Amino acid sequence: MRKSFAALTAVIFTAACANKAEDVSAAYVSPTGYQGFTCEELVTEREGLKERISVVAAEQDSKAGGDAAAVAVGAIVFLPALLFLAAGDDKSGELSRLKGEFDAVTEVAVEKDCIPAEQIAEERAQAEAAQREIEEKRKSRDLRAQAVPDQVE
């Protein structure tokens with residue numbers, strides 16, 4: 001009985017948690033749908049996708065943070081609280097599609113010389129720097145969280 005309860009808890013915990021936005025991979029979107037776009041249309045579409053990705057990523061991160069809190073409460077208080085995690089609005093599918101569309105538009109824009117390669121390289125460098133900063137903050141937060149129980153004992 002205890003093994004079944006532990007297994008059920010593990011399954012709910014694993015299945016119910018939403019991914020952080022940075023962990024959501026881009027879905028493949030064929031660039032052929034954008035081949036007929038002009039440079040102006042490609043740049044406009046790309047900027048619109050960038051904004052939408054930002055909004056959906058924030059919603060996804062909020063969902064992921066809420067799931068983590070619900071799991072903590074559910075584990076401490078009672079297991080049925082974990083069942084409510086599935087009721088939230090996970091945006092990972094939409095985010096994955098948007099990232100794929102962004103990649104497809106960017107690919108066509110680069111092929112048509114609508115966006116300078118230097119701009120793409122700069123955007124990638126900025127994204128990598130932001131990712132490193134997020135990871136450093138996460139590690140720092142995790143270290144502080146680990147230090148708190150040590151101080152209580």
Side-chain angles (χ1 to χ4, degrees), residues 7-111 114-116 118-149:
L8 178 63
T9 303
V11 168
I12 291 172
F13 177 77
T14 304
C17 290
N19 292 326
K20 287 275 201 196
E22 66 204 42
D23 297 332
V24 175
S25 305
Y28 175 76
V29 174
S30 175
T32 57
Y34 297 101
Q35 292 293 340
F37 282 39
T38 65
C39 280
E40 184 178 332
E41 291 170 327
L42 287 167
V43 169
T44 301
E45 181 72 11
R46 191 170 182 271
E47 289 304 312
L49 285 166
K50 228 190 259 190
E51 289 176 23
R52 183 70 184 137
I53 287 170
S54 182
V55 168
V56 174
E59 292 172 358
Q60 182 66 20
D61 284 343
S62 176
K63 170 66 177 149
D67 282 357
V71 167
V73 169
I76 293 168
V77 180
F78 66 103
L79 186 62
L82 298 178
L83 297 176
F84 290 103
L85 291 177
D89 192 15
D90 186 359
K91 300 283 188 176
S92 60
E94 180 181 4
L95 184 57
S96 178
R97 180 187 52 79
L98 288 168
K99 287 180 175 183
E101 288 180 23
F102 181 81
D103 290 348
V105 168
T106 299
E107 182 180 327
V108 174
V110 168
E111 285 174 7
C114 301
I115 300 173
E118 297 82 25
Q119 179 181 341
I120 300 298
E122 183 179 320
E123 287 177 0
R124 285 191 180 131
Q126 289 172 349
E128 289 169 3
Q131 183 66 34
R132 282 191 302 274
E133 184 178 327
I134 289 168
E135 288 300 319
E136 288 171 10
K137 286 180 181 179
R138 183 178 289 151
K139 286 178 186 176
S140 175
R141 185 185 65 230
D142 291 348
L143 288 173
R144 283 193 310 269
Q146 289 174 355
V148 171

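For reference, positions follow the sequence shown, starting with 1. As the structure is a prediction and not an experimental result, all values here were calculated from the model.
Between Ser92 and Gln60, the closest side-chain pair of non-hydrogen atoms falls below 4.5 Å. With contacts defined as side-chain heavy-atom distances shorter than 4.5 Å, the pair Ile53/Phe102 qualifies. At a threshold of 4.5 Å between non-hydrogen side-chain atoms, the residues Ile134 and Lys20 do not count as touching.
Each of Lys139, Arg141, Glu133 was scored for a side-chain contact (heavy atoms from CB on, under 4.5 Å) with Lys137, with one residue passing: Glu133. In summary, of the residues considered (Val105, Thr106, Val110), a side-chain contact (heavy atoms from CB on, under 4.5 Å) with Leu42 occurs for Val105 alone. For the pairing with Arg46, the salt bridge (Lys or Arg N to Asp or Glu O under 4.0 Å) check across Glu123, Glu41, Glu51, Glu40 returns one residue only, Glu123.
Using a cutoff of 4.0 Å between basic side-chain nitrogens and carboxylate oxygens, Glu101 and Arg97 are scored as salt-bridged. Ionic pairing of Arg138 and Glu135 is present here: one or more N-O contacts between side-chain nitrogen and carboxylate oxygen are shorter than 4.0 angstrom.
The distance from atom CD of Glu107 to atom CD1 of Ile120, rounded to the nearest 0.5 Å, is 11.0 Å. Between atom CD of residue Glu45 and atom OH of residue Tyr34 there is a gap of 5.0 Å, rounded to the nearest 0.5 Å. Residue Arg52 holds its CZ atom at 10.0 Å from CG of Leu95, rounded to the nearest 0.5 Å. Atom-to-atom distance recorded for Leu49:CG and Thr44:OG1 is 11.0 Å, nearest 0.5 angstrom.
Minimum interatomic distance between Ala26 and Gly100 (heavy atoms only, all atoms of both residues): CB-N, 3.7 Å.
Side chain of Ser96 to backbone of Ala27: a donor-acceptor contact under 3.5 angstrom is found.
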